[in-house]
Enquirer: 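Input: one structure, supplied below.
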Amino acid sequence: MSIDTRPAAPQHRAAPTAPRRGRPVRRRSRGNPVAGVGSLIWLVIVLVPLYTLVSASLMHQDEALNGDPLAIPSDPTLDNYSFVLDSGFLSLIGNTAIVAVATVALVLVLSVPVAYVAVRTRSRLSSLAFRTFLLGVAIPAQAVIVPLYLMIGKMGLYDTLWAIILPTAAFAMPVAVLVLSGTMRDVSEEMYEAMALDGASPFRMLWQLAVPLSKAGISTVAIFSALQAWNGFLFPLILTQSEEQRVLTLGLFNFMSQFGVNIPAVLAAIVLSVIPIFAVYLVARRALINGLMGVGGK
């Protein structure tokens, strides 16, 4: 019996096939029905009061009192808005706008340098001053309203718009410094060093580097301060008295007392008061969200 000693023939392996070029395989993302239902419920919770507010402001008095608040107005009318505008509402809007603009200007002018010093200075004194400054976040306005009333009276600012502007700006400063300091920490150290090597002064680095790269945080601070000034009620109530110095929130309070039974007129006044600040929010909402989520961000 003969044994075959010839080497076995090599086995030919199949050449690897090149991957097919075609459309990329898309993985189907699994939906989250719980989140969808929750979002829908939240949307209904937000939209139903807004719809009721606007629709009731277009109703007549008898329809608002006796009809369904969720029903569409059978005979829409703008008389309520005309009635509110003829009752001195524009002066309230003007005073509130002055307070909001002045408050935002003061907060930005003061908080931007403070945040820059807190970020760029490494001394213990600067750190201690920064932490002490942030204690204002934990102090409510109600706790200091009596000494604040005495200080405003001693300064001769009682019953003026400055009596509202200064405390509102002061209570908005701690949050503003906190947001801006987080924003300016995102600016890389190499950029500061490059400008320092070019002979830039601290003021130039602040104005030409820190401020342009902190636009999101500055927008957040501006909107936050404007909302604080626009919606403030305690300071106008305690620190002003005359009709000429009334702002929007105090005017709405008086409208509810004066037109307590005229529900459509009160709701029309509320709608008119919401429109300006809501327009500001729509314009700057992206910067506000970026600033709050990233504590500034570049």
Side-chain angles (χ1 to χ4, degrees), residues 53 57 61 79-111 133 135-176 221-281:
L53 176 66
S57 67
Q61 174 69 358
D79 293 340
N80 301 312
Y81 291 91
S82 301
F83 179 70
V84 171
L85 293 176
D86 294 337
S87 301
F89 192 80
L90 292 180
S91 64
L92 300 176
I93 291 286
N95 289 339
T96 308
I98 293 173
V99 171
V101 172
T103 300
V104 171
L106 275 178
V107 169
L108 292 181
V109 169
L110 297 176
S111 61
F133 193 86
L135 288 177
V137 178
I139 300 176
Q142 295 83 353
V144 297
I145 190 60
V146 174
L148 187 60
Y149 173 81
L150 297 177
M151 290 175 58
I152 292 295
K154 291 291 184 180
M155 296 170 62
L157 298 177
Y158 181 76
D159 200 21
T160 63
L161 293 182
W162 284 108
I164 306 173
I165 295 170
L166 294 178
T168 304
F171 277 88
M173 282 279 293
V175 177
V221 169
I223 297 174
F224 171 78
S225 304
L227 287 173
Q228 291 288 101
W230 195 271
N231 298 325
F233 179 75
L234 181 62
F235 296 146
L237 178 64
I238 303 298
L239 303 177
T240 59
Q241 185 178 6
S242 63
E243 294 282 345
E244 293 77 12
Q245 307 301 331
R246 285 184 177 177
V247 293
L248 196 56
T249 51
L250 194 58
L252 289 176
F253 178 74
N254 294 331
F255 277 171
M256 293 183 65
S257 301
Q258 184 178 358
F259 311 126
V261 296
N262 194 347
I263 296 177
V266 174
L267 296 181
I270 295 175
V271 172
L272 290 175
S273 66
V274 169
I275 291 176
I277 198 65
F278 184 69
V280 173
Y281 169 77

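All figures in this text were calculated on a predicted structure; none of them were measured in a lab. Just the heavy atoms: all of them, side chains too, but no hydrogens, waters or symmetry mates, feed the values below.
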Enquirer: How close do I98 and I165 get, heavy atom to heavy atom, and via which atoms?
Expert: O-CD1, 4.4 Å
Enquirer: Give me the atom names and distance for the closest heavy-atom approach of I263 to Q61.
Expert: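 Smallest heavy-atom distance, with atoms named: N-OE1, 3.3 Å.
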Enquirer: Taking side chain as C-beta onward, heavy atoms only, is V146 less than 4.5 Å from I238?
Expert: no
Enquirer: Can a donor-acceptor pair be found between the side chains of N80 and S57 at a distance below 3.5 Å?
Expert: no
Enquirer: Counting only heavy atoms not in F278 (residues, nucleotides, ligands), do more than 12 fall under 6.0 Å from its CZ?
Expert: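 Incorrect, the count does not exceed 12.
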Enquirer: With no hydrogens and no angle check, is any side-chain donor or acceptor of T96 less than 3.5 Å from a backbone partner on L248?
Expert: yes
Enquirer: Minimum heavy-atom separation for L272 to V84, with atom names?
Expert: CD1-CG1, 4.1 Å
Enquirer: Of the non-hydrogen atoms in F89 and A269, which two are nearest, and what is the gap between them?
Expert: CZ-O, 3.4 Å
Enquirer: With rounding to the nearest 0.5 Å, note down the distance linking CZ in F171 to CG in L148.
Expert: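 If we round to the nearest 0.5 Å, F171:CZ and L148:CG are 6.5 Å apart.
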Enquirer: Say whether, by atom type as modelled, one donor and one acceptor occur between the side chain of W162 and the main chain of I152 under 3.5 angstrom.
Expert: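 No.
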Enquirer: Is there a donor-acceptor pair closer than 3.5 Å between any side-chain N or O of N95 and the backbone N or O of V247?
Expert: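 Here the side-chain-to-backbone pair does not exist.
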Enquirer: Which class fits the ring pair Y158 and Y149: parallel under 30°, tilted 30 to 60°, perpendicular over 60°?
Expert: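 Geometry flag for Y149 against Y158: perpendicular rings.
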